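Worksheet: the structure to be examined is printed underneath.
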Amino acid sequence: MRKIIIDTDPGQDDAVAILLALASSEIEVLGITAVAGNVPLALTQKNARIICELAGRPDIKVFAGAKRPMLRELVTAEHVHGKTGLNGPEWPEPEMPLQDTHAVPFIIETLREQDAGTVTLCVLGPLTNIALALVQAPDIAPRIQEIILMGGGFFEGGNITPTAEFNIYVDPHAAKVVFGAGIPLVIMPLDVTHQALTTARRIEAFRALGNRSGIATAEMMDFFERFDEEKYGTDGGPLHDPNVIAYLLEPDIYKGRKVNVEIETASELTMGMTVVDWWGVTDRAPNALWIKDLDDDRFFDLLIRRFKSLP
Ligand code: BDR
Ligand code: CA
C-alpha cells in the first residue's frame, strides 16, 4: 500500500487525478491539501471536497493551505478551468467538513508520525504548501519517500508564458525550494502530459461507464478540453495531473531520464522556466527523473478500468 498526500488546486484534471487515487486500492490517501492556483483557495478546498463526495469518500481529510504564493501575486487560470475551477457538471454544495488544521502543519506532522520513507507527496498544483513545510521543518525532507509532481516543460516550452508551465510559474520560489531539497523527484512536465489527449472517443468511454463519476468526468473534460483544442488544434486537450497518480500505479507506462532541473527565478521574461540539462552539458548533479514519453492508450485504459469501481 502506497501512502500518499495529494496537494492540489482543483481544476478538472486535478479532479480526475483525485478520483484515480480514490479508485485504487493500492493507494492510501492520508489527506488532501488544497493550495491557491487554478482558482483561489476558497474554491480549491471546496472543489477537493466536492470530488471526495463524488467518489463516495466523505471520510477523506481535506485541509486548506496557502492562500497565495511565497513572493509573487497569485495568478489564476479561470480562462482554462472556468469561474469555479470545476466548470462542466452541475455540482452540489459539499457537506463534508474542511479540517480545522492548516495544510502545512498537517504535512509536517504526518511525515513525522509515519515511518520515514513511507509517504509520497503527489503534487498537482503550485508548490507553495510543500515549500512552506520544507522551510518550516527541514527535518521532513529525508522522511519523504518521493515527490511526484505535475509541472514544468522543456521540449514543449510553457503554457502560461512561452517558457513557463502554470504550476511552476505561479510559485517559482516554492519550486526552487522543492527542487533544491535533495528529495527524490519525479516530474510530469508538459512534454509528457501533452501526449495524454482527451479525444472524443476517450471522453465517450468515460460517459459510457454510466456511473456518476464517469459521467461527471466526461462533462468536466468536455469543458476543460475546449481551451487547449483551440490553442493547439488537437482532438482533445491534455489531461495533465492524473499522470502523477498513474505513474504510482503503473510506472512502466512512462519513460524518462534522470537529469538536473533548475528553476528560473531571476528573469521576469523567463520566470518559472524549468531549465533541464537533458544532454548533460553541465556538471550539475541530476536531481529529478524527468518524464518525457508515455503510452497514452495504456494511460487511458488504466483510468477507465479504475473508474469502473467508482460510484
Ligand atoms: C497544470 O496547471 C493547471 O491548470 C492544471 O491543473 C495542471 O496542474 C498544467 O499546466
Ligand atoms: Ca492542477
Side-chain angles (χ1 to χ4, degrees), residues 4 6-9 13 17 35 37 69-72 75 120-135 138 140-142 144-196 238 240-248 251 253-294:
I4 67 169
I6 301 178
D7 188 74
T8 177
D9 63 337
D13 61 324
V35 68
M70 298 179 89
L71 296 184
R72 291 167 68 85
V75 174
T120 294
L121 305 182
C122 294
V123 188
L124 316 176
L127 287 149
T128 320
N129 287 341
I130 310 303
L132 287 172
L134 287 167
V135 166
I140 62 173
I144 300 171
Q145 182 173 7
E146 187 171 46
I147 296 180
I148 311 174
L149 68 92
M150 191 280 139
F154 184 64
F155 298 94
E156 285 286 301
N159 60 356
I160 185 82
T161 75
T163 53
E165 179 279 332
F166 180 79
N167 289 341
I168 307 292
Y169 179 75
V170 171
D171 200 339
H173 303 94
K176 200 176 187 72
V177 169
V178 172
F179 279 68
I183 300 160
L185 292 179
V186 179
I187 315 298
M188 289 290 165
L190 298 176
D191 304 339
V192 67
T193 66
H194 277 181
Q195 300 171 48
H240 306 283
D241 294 338
N243 286 287
V244 167
I245 307 297
Y247 177 83
L248 264 184
I253 291 179
Y254 298 92
K255 282 203 195 87
R257 196 183 276 190
K258 281 218 80 177
V259 289
N260 177 271
V261 184
E262 303 292 334
I263 310 293
E264 175 64 77
T265 55
S267 153
E268 200 51 50
L269 183 64
T270 54
M271 183 64 72
M273 180 178 181
T274 40
V275 179
V276 179
D277 188 7
W278 186 258
W279 299 111
V281 294
T282 73
D283 54 8
R284 297 195 285 259
N287 59 347
L289 176 61
W290 186 266
I291 304 293
K292 184 165 173 295
D293 288 299
L294 91 162

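Quick caveat, the model's predicted, so the values are computed rather than measured. For the single chain, residues carry numbers from 1 onward in sequence order.
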Which heavy atom of Glu165 sits nearest to which heavy atom of Gly151, and what is that distance?
OE1-CA, 3.3 Å

Under 3.5 Å, is there a donor-acceptor pair between the side chain of Thr163 and the main chain of Gly158?
no

Identify the two heavy atoms, one from Leu248 and one from Cys122, that lie closest to each other, and give their separation to 0.1 Å.
CD1-SG, 3.8 Å

Taking the side chain as C-beta and beyond, is there a heavy-atom pair between Val35 and Ile130 under 4.5 Å?
no

Give, for atom CG of Asn167 and atom CE of Met188, the distance between the pair rounded to the nearest 0.5 Å.
13.5 Å

Taking atom CG of Asp241 and atom OG1 of Thr8, what is their separation to the nearest 0.5 Å?
6.5 Å

For Ala266, is there any backbone N or O sitting under 3.5 Å from a side-chain donor or acceptor partner on Glu264?
yes

Do Val192 and Lys292 have side chains that approach each other closer than 4.5 Å (heavy atoms only, starting at C-beta)?
no

What's the shortest heavy-atom distance between Pro184 and Gln145, and which atoms?
CG-O, 3.6 Å

When every non-hydrogen atom of Ala141 is compared with those of Ala181, the smallest separation belongs to CB-O, 4.2 Å

Asn243 side, atom CG; Leu124 side, atom CG - distance, nearest 0.5 Å
10.5 Å

Do Asp9 and Phe166 come close enough that some side-chain heavy atom pair is under 4.5 Å?
yes

To the nearest 0.5 Å, tell me how far Met70 CE sits from Thr265 OG1.
12.0 Å

Looking at Asp7 and Pro126, what are the two nearest heavy atoms and their distance?
OD2-O, 3.9 Å

Would you indicate whether the side-chain heavy atoms of Val261 and Phe154 approach each other to under 4.5 Å?
no

Should Phe155 and Val276 be marked as a side chain to side chain contact (heavy atoms under 4.5 Å, CB included) after you check the CA-CA gap, both sets of side-chain angles, and the distance that decides it?
CA-CA 9 Å; Phe155 298 94; Val276 179; 6.0 Å; no

Validation row: His173, Pro69 side chains within 4.5 angstrom (heavy atoms):
no

Check Trp290 against Gly152 and note the closest heavy-atom contact, atom names and distance.
CH2-C, 4.1 Å

How are the rings of His240 and His194 set to each other: parallel, tilted or perpendicular (split at 30° and 60°)?
tilted

Can a donor-acceptor pair be found, under 3.5 Å and without considering hydrogens, that links the side chain of Ser267 to the backbone of Thr270?
yes

Quick one: does Asp277's side chain have a donor or acceptor within less than 3.5 Å of a partner on Val259's backbone?
no

To the nearest 0.5 Å, what is the distance between CD1 (Ile144) and CG (Leu134)?
5.0 Å

Between Ile147 and Val186, does the side chain to side chain contact (heavy atoms under 4.5 Å, CB included) criterion hold? Intermediate values first, please.
CA-CA 6 Å; Ile147 296 180; Val186 179; over 6 Å; no

Rounded at 0.5 Å granularity, tell me how far NZ in Lys258 sits from CG in Asn287.
8.0 Å

Does some side-chain heavy atom of Asp293 sit less than 4.5 Å from a side-chain heavy atom of Gln195?
yes

Under 3.5 Å: donor-acceptor pair, side chain of Glu156, backbone of Asp191
no

Given side chain to side chain contact (heavy atoms under 4.5 Å, CB included), test Leu127 with Ile168 step by step and report yes or no.
CA-CA 7 Å; Leu127 287 149; Ile168 307 292; 4.0 Å; yes

Determine whether Tyr247 and Leu294 make a side-chain contact, defined as any pair of heavy atoms from C-beta on separated by less than 4.5 Å.
no

Verify side chain to side chain contact (heavy atoms under 4.5 Å, CB included) between Val178 and Leu185, making sure each step is shown before the conclusion.
CA-CA 9 Å; Val178 172; Leu185 292 179; 4.1 Å; yes

Measure the shortest side-chain to side-chain distance between Ile4 and Ile245 over non-hydrogen atoms and say whether it is less than 4.5 angstrom.
yes

